[in-house]
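All ligand and atom numbering here is 1-based and tracks the order in the structure. Source: prediction; values computed, not measured.
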Amino acid sequence: MRIVLGVGGGIAAYKVASLLRLFTEAGHDVTVIPTEASTRFIGTATWEALSGNPVSNSVFDDVPLVNHVRLGHEADLVVVAPATADLLAKAATGQAGDLLTNTLLMAHGPVLFAPAMHTEMWQHAATRANVETLRARGTAVLEPASGRLTGADSGPGRLPEPQVIFDAAMALVQGQSDYQMPLAGRTVTITAGGTREPLDPVRFLGNRSSGKQGVALAVAARNAGATVRFVAAHMEVPPPAGVEVVRVETALQLREAALEAANGSDVVIMSAAVADFRPAEISDTKIKKRDDTADPVITLVRNPDILQELVEQRNGGAGGAPQLIVGFAAETGDSQGGVLAYAEAKLQRKGCDLLVVNHVGTDKVFGQDSNSVVILSRSGAEPQEASGTKTEVSDAIISRISFELNHVSPRA
Ligand SMILES: Cc1cc2nc3c(=O)[nH]c(=O)nc-3n(C[C@H](O)[C@H](O)[C@H](O)COP(=O)(O)O)c2cc1C
């Protein structure tokens, strides 16, 4: 596929090098057209080297090739990232002062804008009107992500992650002209990994959680367009790029971080394996092995029920919709009841909206790359099974969450 990649003059231009890589590694032929302003941020040599094609931003270079007509005409897809406020305005009003804006007027295939700018610029009535004009003409304009902007400030206006732009571009080409990322504009808090409860300066009580499922969920939520707040306990894998990470160790720390991150989130996913109990006392010094005293006895006390507290504090995201809370249950059946019976009782007791149930044994789930779950819903829908790699399971969970958010009646 022939792709024209327009690059606007914003700080986020550097991230577009990764987007270009995604396109070329997928086998596409990419011509980059950087605006004059963007070359103050990233030089043309980067684009020439990564794309393998010559780069120009003037209609007067290689005039016999009539690039100002040819590039747009031949492109199967035009992507503009970062789309500056200026470029959105120029495209909406049909200006053609440089090679990129000429190409936009000549484009025969789909066009995708991935905006990035300060929140005030994005929310300004002029930009809103320009975006509406472009969308009304059938041009796709992604919602920017929320989060840290160029300075210390944060809010909507961040360039969506390269993978998000790539996925949206591919969906557009496959004819999904109404493609909307299902969690665009939503904030999702995800807890992941296993807590560690200290006994003394060197020992702790932990669990087998690797964090892989939580990471896969964060990637799926991010790729669905969400801003992800990721509360990470101990994990064997690094947190994914493009999410806000808060590191914690103990259940009490995780409780505090999760309640804070949940505030203003549209969705909270409690996938961390949180210790039910912690040692009643933490020794300041290493507990010694001594022949003259009895072996130590560890007394445990209950940790707070974070899922229950989240349900009690439940509040909505920026859109004002009620918050959707998703619990995870790692259950084993016993002589008293099966896994699903325990999970169903837990769903009712905790009052969360969805419960993702794992059947665990020492060789199942923890640390593995695949998983098999049942998603129970308080809305009364049939239990839904999902199995495969943790990525596939996460995609199923995130699409179920998107469905509940967008189609199921308000939660209490
Ligand atoms: C440090 C810096 C960062 C900027 N970041 C952005 C940005 O993220 N989004 C934006 O719309 N404009 C941003 N601007 C302003 C644009 O560079 C300016 O509007 C320019 O005229 C855009 O030209 P272009 O649309 O042809 O690339 C930034 C300017 C500077 C100096």
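Nearest-residue assignment for atom 11 (O) of ligand 1 (options Pro115, Ala91, Ala85; heavy-atom criterion): Ala85.
Per-residue contacts place Met117 under 4.0 angstrom from the following atoms of ligand 1 (heavy atoms of the residue considered): 7 (C), 8 (O), 9 (N), 10 (C), 11 (O). Using a 4.0 Å cut-off to heavy atoms of Gly8, the atoms of ligand 1 that qualify are 27 (O). Within ligand 1, counting atoms from 1 as listed, the ones closer than 4.0 Å to a heavy atom of Ile11 are 3 (C), 5 (N). Remark: ligand 1 atoms within the under-4.0 Å shell around heavy atoms of Gly10 are 5 (N), 6 (C), 7 (C), 8 (O).
Protein heavy atom at the shortest distance from atom 18 (C) of ligand 1 is Gly9 O, 4.6 Å. Nearest to atom 24 (P) of ligand 1 among the protein's heavy atoms is Asp86 OD2, 3.4 Å. The protein heavy atom nearest to atom 2 (C) of ligand 1 is Phe41 CZ, 3.5 Å. In this structure, the protein non-hydrogen atom closest to atom 20 (C) of ligand 1 is Ala37 CB, 4.0 Å.
Residue contact annotation: Ala116 has a non-hydrogen atom under 4.0 Å from ligand 1.
Using a 4.0 Å cut-off between heavy atoms, Thr35 contacts ligand 1 through its side chain alone, with no backbone atom that close. The part of Met121 lying near ligand 1 is the side chain, judged by heavy-atom distances below 4.0 Å.
For the pair Arg158 and Trp122, the cation-pi criterion (under 6.0 Å, within 45° of the ring axis) is not fulfilled.
Taking only nitrogen or oxygen atoms, main chain and side chain alike, Asp98 does not reach within less than 3.5 Å of ligand 1.
Although no hydrogens or angles enter the test, the distance criterion places a donor-acceptor pair under 3.5 Å between the side chain of Gln313 and the main chain of Leu259. Formation of a donor-acceptor pair under 3.5 Å by the Asp76 side chain with backbone atoms of Met1 is not found in this model. In this structure a side-chain-to-backbone donor-acceptor pair under 3.5 Å is missing from Arg135 to Ala140.
Donor-acceptor pairing under 3.5 Å is lacking for the side chains of Ser56 and Ser58.
Checking each of Leu159, Ile165, Thr46 against Val16 for a side chain to side chain contact (heavy atoms under 4.5 Å, CB included) leaves exactly one that passes, namely Leu159. With Val215 as reference, Pro240 is the one residue of Pro240, Ser271, Ser394 to meet the side chain to side chain contact (heavy atoms under 4.5 Å, CB included) rule.
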Verify side chain to side chain donor-acceptor pair (under 3.5 Å) between Thr133 and Asn130, making sure each step is shown before the conclusion.
CA-CA 5 Å; Thr133 302; Asn130 292 331; 5.2 Å; no

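The aromatic rings of His28 and Phe23 sit perpendicular to each other, their planes meeting at more than 60°, with 30° as the lower class boundary.
Counting protein heavy atoms under 4.0 angstrom from atom 30 (C) of ligand 1 gives one or more.
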